[in-house]
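Everything quoted here is computed from the prediction, not taken from an experiment. Just so we're on the same page: letters track the sequence lines, and every chain starts at 1.
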Amino acid sequence: MPELPEVETTVRGLAPVLEGRRLARVGTRRADLRRAFPPDLRQRLTGARVTGLGRRAKYGLIATDRGDTMVFHLGMSGRWRIDPADLGPHDHLVLETEEGRALSLNDPRRFGSVDLVPTARLEEWPPFAALGPEPLGPGFTADYLLAALDGRAAPIKALLLDQRIVAGLGNIYVCEALHMAGIAPGRPAGRISRPRLERLVAAIRQVLLAAIEAGGSSLRDYARPSGELGYFSRQWRVYGREGESCHCGAPIRRRNDSGRSTFFCPRCQRL
DNA sequence: CCGACAACCTGACGGC
DNA sequence: TGCCGTCAGGTTGTCG
């Protein structure tokens with residue numbers, strides 16, 4: 001699902017509806033997502049005012065004036081719908097503002113989650129405590145990567161998917177960034193030269209920013225909160241394009257790495 | 001530390 | 001038209 005750009009797009013879409021607004025009604029339908037909703041979710045959110053929205057890794061953050069932050073993860077198939085005409089079986093949580101706007105968290109596969117975390121202790125919350133730096137933040141540099149990957153024999157692709165190394169990348173954007181940087185997905189991470197890591201950092205930033213700019217990628221069940229589709233999928237260089245020609249002319253290949261598809265160009269990504 | 005798998009769950013798609 | 005196998009953006013855990 002949704003990787004960092006899709007979550008960022010989602011949060012930006014929710015902000016105009018939620019920021020500064022009071023939650024007049026909170027409805028839960030089924031609570032058994034990846035984790036069960038906190039049992040007192042409705043009580044703690046109803047009547048609260050939203051003070052700000054944000055994102056950490058692939059998690060969306062909705063802070064309230066009660067000292068709690070609602071942290072949501074969209075899993076593979078989650079999305080927020082704005083003012084849905086009607087609710088279906090996969091609308092699990094509905095927030096209504098005083099203004100009468102409604103937001104529904106829709107997640108068919110239920111791999112997502114919703115938690116309430118004290119805002120002052122967000123960084124200590126277990127799922128956040130071990131996260132690596134934000135790829136778009138100042139801490140994500142070639143120096144950092146060099147140190148984080150030092151001595152690691154695992155393939156670079158696997159380590160870029162590890163949220164403890166860098167937080168927010170998923171299968172699509174890792175494939176895209178490795179192609180952009182000309183690095184073979186199977187290359188042992190600790191044996192990548194510093195200049196290549198500099199290219200990799202730049203490629204990761206570039207692909208994420210371009211995807212956010214485009215409103216995220218459009219896959220089967222991803223949509224912006226308003227219902228519009230994201231257009232970044234049209235810009236994929238390798239992901240989902242097995243057999244098509246890379247810009248260099250070589251056919252894009254696909255292989256399986258521990259259960260996940262890896263798309264790459266065997267000519268552009270040799271090192 | 002590493003790699004491979006499985007589990008969680010539903011829906012879309014291709015092949016027959 | 002329908003049935004069946006395969007695959008999908010993520011996370012977490014186990015096992016060897």
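Summarising the base pairing, B/dC9 is matched to no nucleotide, lacking a Watson-Crick or G-U wobble pair whose two defining distances lie under 3.5 Å.
The distance between atom CZ of A/Arg109 and atom C1' of C/dC7, rounded to the nearest whole Å, is 9 Å. Rounded to whole Å, atom C1' of B/dT10 lies 10 Å from atom NE2 of A/His92. With rounding to whole Å, A/Leu161 atom CG is found 9 Å from C/dT11 atom P. Atom P of nucleotide C/dT12 and atom CZ of A/Phe128 are separated by 11 Å, given to the nearest angstrom. Counting to the nearest Å, the C1' atom of B/dC2 and the CD1 atom of A/Ile156 are 15 Å from each other. Residue A/Arg35 contributes atom CZ, which lies 17 Å from atom P of B/dC8 at whole-angstrom precision. For the pair A/His73 NE2 and B/dC9 C1', the interatomic distance rounds to 15 Å; values are reported in whole Å. Rounded to a whole Å, the CZ atom of A/Phe263 is 7 Å from the P atom of C/dA8.
Among the nucleotides C/dG10, B/dT10, C/dA8, the one closest to the side chain of A/Asn171 is C/dG10. Residue A/Pro108 places its side chain closer to B/dG11 than to any other of B/dG11, B/dC2, C/dT11. Here C/dG10 is the nucleotide among B/dG11, B/dG3, C/dG10 with the atom lying nearest to any side-chain atom of A/Arg260. The side chain of A/Arg110 sits closest to B/dC9 out of B/dC9, C/dC7, C/dT12. Ranking C/dA8, B/dG11, C/dT11 by closeness to the A/Lys58 side chain, first place goes to C/dT11. Counting only heavy atoms from C-beta on, A/Gln163 has its side chain closest to C/dT11 among B/dC9, C/dT11, C/dC7. With C/dA8, C/dT11, B/dC1 as the choices, the nucleotide that has an atom nearest any side-chain atom of A/Arg152 turns out to be B/dC1.
Of the residues near DNA chain B, A/Pro89 and A/Arg34, the one whose nearest nucleotide (by heavy atom distance) lies more toward the 5' end is A/Arg34. For A/Arg30 and A/Gly151, each mapped to the nucleotide of DNA chain B holding its nearest heavy atom, the one lying further toward the 5' end belongs to A/Gly151.
Of the possible donor and acceptor atoms, one in the side chain of A/Glu6 sits under 3.5 Å from a partner among the backbone N and O of A/Glu3. A donor-acceptor pair under 3.5 Å links the side-chain atoms of A/Arg267 to the main chain of A/Cys248, judged by distance alone.
Nucleic acid contact class of A/Pro155 (heavy atoms, under 4.0 Å, all strands): sugar-phosphate only. Nucleic acid contact for A/Ala153: sugar-phosphate only, since backbone atoms but no base atoms lie under 4.0 Å from a heavy atom of the residue. Among the heavy atoms of the strands lying under 4.0 Å from A/Ser261 are primed sugar atoms or P, OP1, OP2 only; no base atom is included.
The phosphate of B/dG11 has OP1 or OP2 within less than 4.0 Å of a side-chain N or O from A/His90.
Between A/Asp68 and A/Arg66 there is no salt bridge, since no side-chain nitrogen of the basic residue lies less than 4.0 Å from a carboxylate oxygen of the acidic one.
Around the CZ atom of A/Arg29, the shell of radius 6.0 Å holds more than 12 heavy atoms that belong to other residues, nucleotides or ligands.
A/Leu160 contributes atom CG, which lies 7.0 Å from atom CG of A/Leu149 (distance to the nearest 0.5 angstrom). Atom CZ of A/Arg253 sits about 4.5 Å away from atom CZ of A/Phe264, to the nearest 0.5 Å.
With centroids closer than 5.5 Å and planes inclined by less than 30 degrees as the test, A/Phe111 and the base of B/dC8 pass as a stacked pair.
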